[in-house]
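Both counts, for ligands and for their atoms, begin at 1 and track the order of listing.
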Amino acid sequence: MTESLLDDLQTSVAEAIAAVTDAADIDALADIERSSLGKKGFVVSAKKAVGTLDPELRKSTGQAINEAKVQLDEAIAARRSELGRSARSAQYEGERMDLTEVPAGASVGHAHIVTQTWDVLEDLFVGMGFRVVEGPHIETDWHNFDALNIPKGHPARDGFDTMYVNHGEPGSTLLRTHTSPVQIRTMLDQEPPIYVIAPGRVFRRDTADSTHMPVFHQIEGLVIDRNISLADLAGTIDAFVTAYFGAEVKSRLRPNYFPFTEPSAEFDIQRSDGSWLEMGGCGMVHPNVLRAGGIDPEEWSGFAFGFGIDRLALMKYGVDDLRDMFANDQRFLAQF
Ligand code: PHE
């Protein structure tokens with residue numbers, strides 16, 4: 001009786017384990033679990049049968065049944081986690097997305113016109129032999145003003161509508177009002193000859209209107225070499241305007257004043273309606289600026305310019321109002 005009970009149990013366990021190993025999915029596994037370990041399963045019936053055995057055999061038989069149950073439990077748990085893992089990876093595989101795939105006809109967007117203009121300007125000046133450099137948005141008062149021949153108390157400071165940063169001595173740190181401090185950083189950083197452009201963002205306490213924004217973009221140019229003259233400056237600007245706008249667009253230099261250049265000029269471009277739009281300033285680098293940059297004005301001379309990138313974009317794309325460029329309206333942006 002005992003022998004046949006244990007034999008039957010062993011056979012049933014072996015069969016159940018084989019079925020567990022072959023179970024194709026979680027549902028099949030649950031069926032096997034029910035039929036073997038469930039209320040009507042063979043483990044329970046074997047336990048019930050123990051009561052009919054001779055008392056001295058009950059204990060050892062009961063133990064054998066328990067061991068069989070544990071064996072089966074473990075096999076089921078192992079198969080369950082295996083099936084879970086492959087079900088998950090099948091699910092992941094099914095839900096895989098190709099993030100590089102662009103549906104036909106979808107709009108992929110494009111660079112903003114200011115960025116496009118910035119890129120074109122870099123290409124253009126690099127083609128002319130300039131190197132691209134950059135400086136920080138948060139500047140010292142010294143780099144932004146003093147070193148550019150605008151000492152404290154100089155009236156030119158008022159014209160810049162500076163935004164100061166609460167850091168260090170009051171008035172010592174600011175958001176750069178122009179890209180010209182990059183002139184100083186470059187001179188302190190490298191020996192002449194210097195041929196660089198420095199495009200970047202600048203900040204002024206200005207009210208937004210059709211030609212002004214409190215945050216805008218300039219491109220600075222700096223050339224320091226031997227025997228550089230005003231003719232080199234005029235020639236460079238002319239070459240740039242022709243390359244950027246084409247030969248039909250007129251530009252002009254008007255005498256002006258900047259503390260950091262002498263002589264200085266303002267640079268305008270003619271709109272299609274005949275009016276002139278101011279693009280920026282330029283001039284021969286002032287000897288005091290060369291000295292602040294550690295360069296001997298007896299040996300070297302140079303020119304500098306600084307133009308508004310946004311205004312160039314405005315002109316190039318025929319936009320009437322600078323504010324439209326920064327309103328992030330898709331209907332506007334998608335045109336370019
Ligand atoms: N930094 C001047 C401005 O922002 C432009 C300028 C640059 C003028 C270089 C002369 C030389 O108005």
Side-chain angles (χ1 to χ4, degrees), residues 118 121 125 130 132-137 139-151 154-163 174-187 194-206 211-225 228-230 232-238 240-241 251-269 276-293 295 297 300-312 322:
W118 180 324
L121 291 172
F125 280 106
F130 287 73
V132 181
V133 292
E134 56 182 26
H137 292 161
E139 258 302 1
T140 68
D141 174 69
W142 186 80
H143 287 91
N144 196 82
F145 290 129
D146 295 80
L148 289 165
N149 203 33
I150 318 177
H154 193 289
R157 286 199 176 210
D158 301 340
F160 278 107
D161 295 316
T162 310
M163 291 197 261
L174 45 79
L175 294 181
R176 68 178 180 190
T177 58
H178 50 178
T179 42
S180 299
V182 188
Q183 287 187 37
I184 303 298
R185 290 184 177 275
T186 306
M187 287 189 263
I194 292 172
Y195 290 80
V196 295
I197 51 158
R201 191 166 288 174
V202 301
F203 310 82
R204 289 185 199 174
R205 208 156 18 81
D206 246 341
T211 53
H212 294 86
M213 289 295 286
V215 179
F216 57 107
H217 303 86
Q218 286 188 331
I219 182 164
E220 192 82 9
L222 176 67
V223 168
I224 310 278
D225 207 337
I228 295 290
S229 74
L230 199 59
D232 298 307
L233 168 59
T236 303
I237 291 188
D238 198 49
F240 147 71
V241 174
S251 66
R252 69 177 182 193
L253 292 180
R254 273 179 300 121
N256 202 331
Y257 168 76
F258 293 102
F260 30 93
T261 44
E262 178 59 36
S264 303
E266 198 97 59
F267 161 68
D268 304 332
I269 284 189
W276 295 90
L277 181 64
E278 185 190 313
M279 284 290 155
C282 57
M284 302 306 291
V285 180
H286 194 288
N288 287 350
V289 175
L290 291 172
R291 271 186 222 105
I295 290 173
W300 304 97
S301 57
F303 66 78
F305 57 80
F307 307 151
I309 297 179
D310 320 72
R311 287 189 179 183
L312 284 173
L322 200 54

Can an N or O of [X] be found at a distance shorter than 3.5 Å from an N or O of ligand 1?
X	answer
T177	no
R204	yes
Q218	yes
E220	no

Taking C-beta and beyond as the side chain, do [X] and [Y] meet within less than 4.5 Å on heavy atoms?
X	Y	answer
S180	Q218	no
P199	I309	yes
R254	D268	yes

### Message
Testing the basics here: between S301 and L290, what is the closest heavy-atom pair and its distance to 0.1 Å?
### Response
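What the structure gives for the nearest pair is CA-CD1, 4.4 Å.
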### Query
Of the protein's non-hydrogen atoms, which lies at the shortest distance from atom 7 (C) of ligand 1, and what is that distance?
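Nearest neighbour among protein heavy atoms for atom 7 (C) of ligand 1, to 0.1 Å: G306 N, 3.3 Å.
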### Shortest protein contact, atom 2 (C) of ligand 1 (heavy atom only)
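Protein heavy atom at minimum distance: F260 CZ, 3.8 Å.
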### Pair H178 and F258, ring centroids less than 6.0 Å apart
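No, ring centres 6.0 Å or more apart.
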### Message
Applying a heavy-atom cut-off of 4.0 Å, say which part of C282 lies close to ligand 1: side chain, backbone, both or neither.
### Response
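Under 4.0 Å from ligand 1, C282 contributes backbone atoms alone.
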### Query
Is the closest heavy-atom distance from S180 to ligand 1 below 4.0 Å?
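Yes.
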### Task
May I ask you to decide if the ring planes of F307 and F240 are parallel, tilted or perpendicular, using 30° and 60° as cut-offs?
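Correct class here is parallel.
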### Task
Heavy-atom contacts with F258 under 4.0 Å: which atoms of ligand 1 show up? List them by number with element.
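In order of numbering, the contacting atoms are 8 (C), 10 (C), 12 (O).
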